[in-house]
There are 2 protein chains.
Amino acid sequence: MPKSVTLKDVAAKVGVTSAAASMALSGHERISEKTRAAVKQAAEDLGYVPSSAGRALRSQRADAVALVVPNSSAHVFGHLYFMHVLTGMSTAANAHDAQVIVSTNADTSNGGVAYERVMRSRTADGAIVTSAAIDDHHVEGLVASGLPVVLIGNYPHLADAVSVGIDDVAATEQLVEHLVTEHGRRRLLHVSGTLDHQTGIDRRDGFLRAAEMHGLTDVAVIEGDLAEESGAAAVEQVLRERTGDERFPFDGIVFANDDMAVGGLAVLRRAGVSVPGDVAVVGFDDFGFARVTTPGITTIRVPAEEMGRIATERLFDLVDQRPGGRAHTELGVEVVLRGSCGCDPERAAAPGPTHSH
Amino acid sequence: MPKSVTLKDVAAKVGVTSAAASMALSGHERISEKTRAAVKQAAEDLGYVPSSAGRALRSQRADAVALVVPNSSAHVFGHLYFMHVLTGMSTAANAHDAQVIVSTNADTSNGGVAYERVMRSRTADGAIVTSAAIDDHHVEGLVASGLPVVLIGNYPHLADAVSVGIDDVAATEQLVEHLVTEHGRRRLLHVSGTLDHQTGIDRRDGFLRAAEMHGLTDVAVIEGDLAEESGAAAVEQVLRERTGDERFPFDGIVFANDDMAVGGLAVLRRAGVSVPGDVAVVGFDDFGFARVTTPGITTIRVPAEEMGRIATERLFDLVDQRPGGRAHTELGVEVVLRGSCGCDPERAAAPGPTHSH
DNA sequence: CTGAAAGCGCTTACAG
DNA sequence: CTGAAAGCGCTTACAG
């Protein structure tokens, strides 16, 4: 492993002090044009890159931001959602010449959680926290500590925290509205996310509120956990509990995310229940799966990449002590219509892949 | 923002020097049991966490590893592949108390690429590089520089580099073998990845070699770029060029990855070509999509998470100067049989979701 | 055995 | 105007 080139090496080559070399590289005016050029040339020749540790120690700034993945969402690490958030973070971080650190929350050993250590050790100047459970006190502690943190999602109990999110209630209402108004569905099932996360609560509340507004009486909620299997399990439960001759007791299912919709769709298919013929299905997220199933899943497009990007911009505002705007930034969402609700007839009517000739 | 607690604060509280406090915290024997306990208590009370910059500067070690995403694969950043690799990296990094840095390769401004800067600045102790193009000279330079680097994939022209990968040639041969032997397909099309990446070349070569071994004469290769759209484009091209009465000129398509298979599948469906009836389809990767399409896509499961984990272990070997084993570690893969090749009749025969009653 | 300096690499505030 | 010290936080090697 090659010894790394320091500022001293560069300075020595030119015959100035390292202090002068530092100023030369940063374009300080007190260094003559000639010396400045010589130092820059020497730095280039030697392949000099400033030591991040030296610089961080001196400037009290790591030039890095961390993405925190709390324990409570460990099972969804590996999900495209994080990749989208990470992509957005990278875009913003690159613009600020900062590194992106991914902090999965392994070490709960020393009484503290990993991401708190990341912050306190100043490895990162600030953190983005996403998918935290409502009762995750570590998040509250972090926010309360005054360290720069931006939350992705809605945290009503942390009203002062800077956060970026969407309106899950309104978005879910839109989906229900669509099923009722456009497709005449009135017997609706909601398969919710975990109710210890605000998104789980909000999407369920949106469902219930819209159902009430439309005077729907045949509605039910089954609690899921956002995993594909839990969507499958919910549908299996309905199939098991239906009375004898019933085809399917609901004519629409609102899954709290696409993964569960995928799982539910597979079970419906195997049971010979037609989608959208017998049951209309909608999901939430649009991170990829919803586009490739047959039929495609009507869903809400969550702008995860933009959330990551904006959250990171807000985080730099905090780190640089720029007077922030609103504590919460709300991004718009979009309903994406596909075959599973009965829309997009071209696609829905196309021969299925198992069609024989 | 709260002022961070330093070792000096802890030492002051106990009435010892910061050097003594440092030794106490690291359990050095020369510090009395009593002082050790007092220092630990004080550290806990004050919420002391060592500064990573201070420690890194002193120990010449960042305790961080970087995942590098080269420019050439910028379009696939945001792909589940990276998330799997990242998950594996995190597992290994956590075990070594190290941070994971994600370095997308934005800054090509200063003549150097971002990940070279990450390495030279010692922000990370080493890097994992994946999806690098064959002619990416920056990778060669990095490897040649002697900095700790582990490559994911196969790099025949960098035979001395430490790397972790799978046998793409053999895996693709297995797929062809399956189509020929189990499903009697003999007119095969390969939609390749970009041929400036070794995986693109290897999967194509595996296809061609297996075709030759089985004496297939009706084979063709179309170069794609791993994106869903390019799989669609390849199939469209075939449809466009077929002669009048022909249904589909091939009875099997080997896509170099699942994404392209998904794109191809959609076009086939719209054209009324049955899968697997008229054409058997296979993909490569199994990062998610292949499982949720209808029919499911027969594919090769690439152990991306394990690749990330093992590459990171190898990287720590390098960083810690442990005598490494082989330069290249090859992981096994698994053929996953689903409906698109004609296997899994239970699923393939199940009523499609657009089936009407 | 223990106290305290030295130095990792950097940049700014100070002394001359 | 310019040279060089001081100090960010840490830990180890040295002096006493």
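Owing to the predicted nature of the structure, the values given are computational and were not obtained by experimental measurement. Just so it is clear, the values below take in all heavy atoms, side chains as well, and ignore hydrogens, waters and symmetry mates.
Among all heavy-atom pairs drawn from Ala311(B) and Val164(B), the shortest one is CA-CG2, 3.8 Å. Of all heavy-atom pairs spanning Val149(B) and Leu315(B), the tightest one is N-CD1, 3.9 Å. Val162(B) approaches Arg314(B) most closely through the heavy-atom pair CG1-NH2, 3.8 Å. Between Pro50(B) and Ser121(A) the shortest heavy-atom distance is O-CB, 3.2 Å.
In this structure a side-chain-to-backbone donor-acceptor pair under 3.5 Å is missing from Thr194(B) to Asp196(B). The backbone N or O of Arg30(A) sits less than 3.5 Å from a side-chain atom of His28(A), completing a donor-acceptor pair. Between the side chain of Asp9(A) and the backbone N or O of Thr6(A), at least one donor-acceptor pair lies under 3.5 Å. At distances below 3.5 Å, at least one donor-acceptor pair connects side-chain atoms of Asp125(B) with backbone N or O atoms of Ala64(B). Side-chain atoms of His79(B) come within 3.5 Å of backbone atoms of Tyr81(B) as a donor-acceptor pair (strictly under, hydrogens ignored).
In this structure, Ser22(B) reaches the bases: a heavy-atom distance under 4.0 Å links it to at least one base atom across the strands shown. Across all strands shown, Ala19(B) has heavy atoms under 4.0 Å from base atoms, whether or not it also approaches the sugar-phosphate.
The span of DNA chain C lying next to chain B, judged by atoms under 4.0 Å from heavy atoms, is bounded 5' to 3' by dT2(C) to dG9(C).
Asp135(A) meets the side-chain contact (heavy atoms from CB on, under 4.5 Å) test with Ala133(A); sequence neighbours excluded.
Nucleotides dA13(D) and dC10(C) have their C1' atoms positioned 23 Å apart, rounded to a whole Å.
In summary, of the residues considered (Thr312(B), Val100(B), Val85(B)), a side chain to side chain contact (heavy atoms under 4.5 Å, CB included) with Ser90(B) occurs for Val100(B) alone.
Legend: side chain to side chain donor-acceptor pair (under 3.5 Å) pairs involving residues 148-164 of chain A, not counting sequence neighbours, sorted by first then second residue: Asn154(A)-His328(A), Ser163(A)-His328(A).
With the 3.5 Å cutoff on both pairing distances, Watson-Crick and G-U pairs in DNA chain D assemble into runs of at least 3 at C:1-3 with D:14-16, C:5-12 with D:5-12, C:14-16 with D:1-3.
For the segment residues 23-36 of chain A, the set of residues with a heavy atom within less than 4.0 Å of an atom of DNA chain D comprises Met23(A), Arg30(A), in numerical order. Shown for residues 9-18 of chain B: residues whose heavy atoms fall under 4.0 angstrom of DNA chain D, namely Ser18(B).
For the atom pair CG of Leu147(A) and CE of Met119(A), the computed distance is 4.5 Å after rounding to the nearest 0.5 Å.
Comparing Ala20(A) and Lys8(B) against DNA chain D, the residue whose closest nucleotide sits nearer the 5' end is Ala20(A).
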